[in-house]
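Numbering of residues begins at 1 and proceeds along the displayed sequence.
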Amino acid sequence: MKNYLLYFFLLIFISININAQLSKTILPNDAKFIGSATKSATYTSIQLGKVVPVSADLTWRPLLINRCITHHSKLPDEQLKAIKEAKLSLKINSSLKTDGAENSSANSAYTPVVGRNFAGNTNTGSTPLDNSIAISNNDNIVSVCNTSIEFYNSSGTRTFTNSIETFFNDVSISNVCDPVVIYDGGADKFIFFAQECSGNSSNTNLLVCFSVSNDPNAGWWRYKLTGDPASTNTWFDYPKMAVSNNELYITGNSFSNSGTFQEALLYQIEKNNGYTGGTFNWQYWRNISGAPFTLLPVSSGQQANYGPGIYLVATSSSGDNSFKFYDLTNDMSAADEALNGYNISTTSYSPASDAQQLGTSILLDNGDCRALSGFYLNGYIHFVFHSDLGSGYNGINYNRFDLSTQTNTSTLFGQNGFDYSYPAVASFSSSATDKSVMIGFGRSGPSIYPEVRVVSCDAGFNWGPSTLVKSGNGYSALLGGSVERWGDYTGISRKHNATQPTVWMNGMFGTGVNNWDTWIGEITATGSSATGVNDLKNNTNIQVSPNPIYNEFKTEFDLTEKLNISIRIIDAQGKIVKELYNGIAQSGKNTFLFNKANLEAGSYILSITSNNQTIKNEQIIISN
């Protein structure tokens with residue numbers, strides 16, 4: 001009996017610790033307070049139904065998408081363009097070409113090692129891909145990019161694929177983009193977000209899905225919130241997402257219908273009812289002190305969540321020698337919560353020029369200096385963005401902000417001759433007191449195609465050498481202009497229950513047909529507590545490179561209105577080989593792609609019809 005009681009109390013103790021809320025940091029009295037924000041009334045949102053994922057054919061992988069719109073900078077386009085052109089001239093005329101070495105340290109504790117890695121979400125005809133990834137404790141992976149969502153196990157087996165519009169299943173929604181996925185370690189479940197990218201206040205919505213369990217194939221509860229909550233004729237863009245113990249936070253930028261930035265918004269949502277499919281309360285914050293552009297909320301860097309409330313940071317898109325720090329002081333159920341802003345000094349930073357690519361004069365858009373990724377752990381906020389490393393080249397700007405002293409330490413990583421862009425950061429330690437991080441990013445330059453890489457920075461701010469995750473096979477020229485979109489983010493997710501520090505990441509690389517594809521990789525490291533190269537070779541349970549290769553066929557067509565269409569493969573005898581798609585296509589430019597490796601050698605027609613009227617017939621020739 002005593003043994004049973006001991007076991008019972010042990011289970012209670014473990015349960016309490018799994019769900020324990022980590023405390024926030026007490027801020028100093030001399031913090032540079034700049035003001036607060038306006039809190040809205042409380043609203044309710046009901047679930048719109050349960051999504052039981054029905055995958056598209058995993059062999060053919062047919063996907064129909066609608067071309068997305070682009071993001072906006074706070075700077076007027078001409079002003080940002082002038083800054084970048086001046087930096088580009090400096091870059092081209094600089095005597096500091098490729099200097100042969102990154103600014104890594106011989107004292108670094110870690111060198112990243114790529115473990116299992118494989119092809120992820122395929123090119124969807126949109127740019128940029130806006131990659132995001134999350135992995136659960138039981139090895140389920142959710143990988144998203146603009147317009148598509150896919151599930152995998154950690155061996156690289158794809159268990160689900162479909163467009164985001166099909167996944168969300170709402171005929172009133174169109175032009176979905178900017179997906180974000182996170183794994184909530186405290187709840188052991190996923191949250192998936194996408195937004196309606198109409199660019200108009202009459203059709204702006206936030207789409208939020210909560211997984212039923214830690215298995216993404218088991219189902220999701222779906223919700224929809226307005227992107228213009230204050231009814232100011234604005235639309236929502238550039239989302240960020242984080243969780244505390246009890247709440248979900250979504251931030252974004254609000255734009256007028258003419259495309260002018262208005263203000264940043266913060267949505268505060270009671271999350272726990274979302275996981276059960278119940279009605280949840282939410283509110284939003286506006287008129288935020290310091291007029292931030294792109295608020296970055298930060299979740300806990302390890303499994304247990306913190307709270308109440310959440311921390312946020314906001315850098316200046318055009319560069320500065322300071323950034324804004326925000327403390328949402330409590331959960332919305334407390335009724336006394338406030339969103340307090342503070343000004344924090346840091347090392348000066350500024351935007352770099354756009355990036356070069358091998359084999360073309362087309363540049364890659366390096367965006368600006370907005371904060372991209374971060375987390376909170378043990379009194380520190382770790383966050384990253386990219387900024388001018390010197391001579392116009394982009395470098396990774398990694399920041400470690402001590403909340404108790406309100407002081408920030410930043411360090412740059414990169415190499416002249418290359419642009420290191422769109423970083424994402426995750427905790428890379430088994431202890432909350434170890435400040436080591438792993439950072440995934442994209443790299444390009446006049447001597448290389450766009451590629452995916454990863455680098456570590458240990459607790460002592462020692463950078464390791466970066467490691468190649470996926471090399472580029474060609475330059476990107478999807479838009480056909482002088483500047484190609486890149487980023488806007490790289491995905492990264494810590495594997496909380498791994499036996500040694502482990503993260504998973506996804507990012508975009510240039511393909512041999514001059515567009516983008518996604519690559520997914522598991523990252524460990526050499527070092528005292530990490531898996532080394534020899535360990536990977538000797539472990540028969542690890543597939544180092546499943547690397548499935550998909551021979552994609554892509555075609556584009558324009559519609560003047562939304563139509564119900566059918567897309568079929570027809571052989572030379574007029575027989576229907578496969579109906580690949582039957583459903584709604586949006587007005588505007590549409591891209592359809594599928595894996596043509598399933599076809600035997602011969603000649604075929606890809607036929608797109610609507611109401612027995614032919615929209616497009618395109619010949620496909622498959623040779624041995």
Side-chain angles (χ1 to χ4, degrees), residues 10-28 31 134-137 182-191 210 214 240-251 266 268-272 274-275 295-313 325-334 336-340 342 344 371 373-384 399-408 425-438 459 492-498 501-503:
L10 181 61
L11 285 177
I12 292 176
F13 176 78
I14 292 172
S15 176
I16 290 173
N17 277 273
I18 288 175
N19 295 286
Q21 176 172 263
L22 300 179
S23 299
K24 295 172 75 176
T25 301
I26 297 176
L27 304 183
I135 183 169
S136 66
N137 286 344
I182 59 175
Y183 171 65
D184 182 347
D188 190 27
K189 295 177 181 178
F190 295 96
I191 301 175
F210 297 83
N214 58 20
K240 296 292 181 183
M241 188 163 67
V243 292
S244 66
N245 205 52
N246 298 315
E247 294 182 329
L248 165 67
Y249 307 93
I250 300 172
T251 62
L266 166 63
Q268 185 175 9
I269 301 167
E270 293 180 342
K271 72 176 186 182
N272 294 321
Y275 288 129
L295 279 167
L296 174 67
V298 290
S299 298
S300 170
Q302 297 188 6
Q303 177 151 338
N305 292 320
Y306 72 95
I310 199 76
Y311 294 132
L312 309 94
V313 294
F325 160 66
Y326 296 90
D327 178 18
L328 181 54
T329 60
N330 216 329
D331 295 344
M332 61 182 295
S333 59
D336 64 349
E337 68 276 18
L339 180 59
N340 295 327
Y342 304 85
I344 309 299
S373 171
F375 64 88
Y376 167 77
L377 189 64
N378 195 39
Y380 289 82
I381 294 176
H382 303 249
F383 67 97
V384 291
N399 295 258
R400 197 178 289 169
F401 173 48
D402 185 340
L403 275 74
S404 64
T405 63
Q406 297 284 285
T407 57
N408 185 66
V425 63
S427 170
F428 195 74
S429 66
S430 299
S431 166
T433 59
D434 184 350
K435 302 180 183 67
S436 300
V437 299
M438 195 66 75
I492 199 164
S493 180
R494 181 178 184 267
K495 182 68 165 59
H496 294 311
N497 64 343
T502 303
V503 302

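Residues Gly309 and Asp331 approach most closely at N-OD1, 3.2 Å, considering heavy atoms. Closest approach of Ala459 to Asp434, counting heavy atoms only: CB-OD1, 3.7 Å. The nearest pair of heavy atoms linking His496 to Gly185 is CD2-CA, 4.3 Å. The shortest non-hydrogen separation linking Gln406 to Leu27 is NE2-CD2, 3.8 Å. Residues Ala134 and Ser493 approach most closely at CA-OG, 3.5 Å, considering heavy atoms. Across all their heavy atoms, Leu377 and Ser427 have their closest contact at CD2-OG, 3.9 Å.
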**Prompt:** Checking side chain to side chain contact (heavy atoms under 4.5 Å, CB included) for the pair Ile381/Leu403: CA distance, chi angles, key distance, verdict?
**Reply:** CA-CA 7 Å; Ile381 294 176; Leu403 275 74; 3.5 Å; yes
**Request:** Dump the intermediate steps for side chain to side chain contact (heavy atoms under 4.5 Å, CB included) on Gln303 and Asn137, then the final yes or no.
**Result:** CA-CA 10 Å; Gln303 177 151 338; Asn137 286 344; 3.0 Å; yes
**Message:** Apply side chain to side chain contact (heavy atoms under 4.5 Å, CB included) to residues Phe210 and Asp184 and explain how you reach the verdict.
**Reply:** CA-CA 10 Å; Phe210 297 83; Asp184 182 347; over 6 Å; no
**Test side chain to side chain contact (heavy atoms under 4.5 Å, CB included) applied to Tyr326 and Asn340, step by step** = CA-CA 6 Å; Tyr326 296 90; Asn340 295 327; over 6 Å; no
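In this structure, Lys189 contributes its side chain and Tyr183 its backbone to no donor-acceptor pair below 3.5 Å. Using modelled atom types, one side-chain atom of Thr251 and one backbone atom of Leu295 make a donor-acceptor pair closer than 3.5 Å. At distances below 3.5 Å, not a single donor-acceptor pair connects side-chain atoms of Thr407 with backbone N or O atoms of Asp402. Without hydrogens or angle criteria, Lys271 side chain to Asn245 main chain gives a donor-acceptor distance under 3.5 Å.
The distance from atom CZ of Phe428 to atom OG1 of Thr502, rounded to the nearest 0.5 Å, is 6.0 Å. Rounding to the nearest 0.5 angstrom, the gap separating the CG atom in Leu248 from the CD1 atom in Ile191 is 4.5 Å. Atom CG of Asn408 is separated from atom CZ of Arg400 by 10.5 Å, given to the nearest 0.5 angstrom. Atom OG of Ser299 and atom CD1 of Ile182 lie 5.0 Å apart (nearest 0.5 Å). Residue Phe325 holds its CZ atom at 12.0 Å from CG of Leu296, rounded to the nearest 0.5 Å. Here CD of Gln268 is found 9.0 Å from CG of Leu339. Values are rounded to the nearest 0.5 Å.
Applying side chain to side chain donor-acceptor pair (under 3.5 Å) to Gln302 and the options Ser430, Ser431, Ser429 leaves one that passes, Ser429.
Taking the six-membered ring where the residue is Trp, Phe375 and His382 present parallel rings, their angle staying beneath 30° rather than reaching 60°. Using cut-offs of 30° and 60° on the angle between ring planes, the pair Tyr306 and Tyr376 is tilted.
Counting non-hydrogen atoms of neighbouring residues, nucleotides and ligands closer than 6.0 angstrom, the OH atom of Tyr380 reaches no more than 12 such neighbours.
When side chains are defined from C-beta on, Gln21 does not count as touching Ser244, because their heavy atoms never get closer than 4.5 Å.
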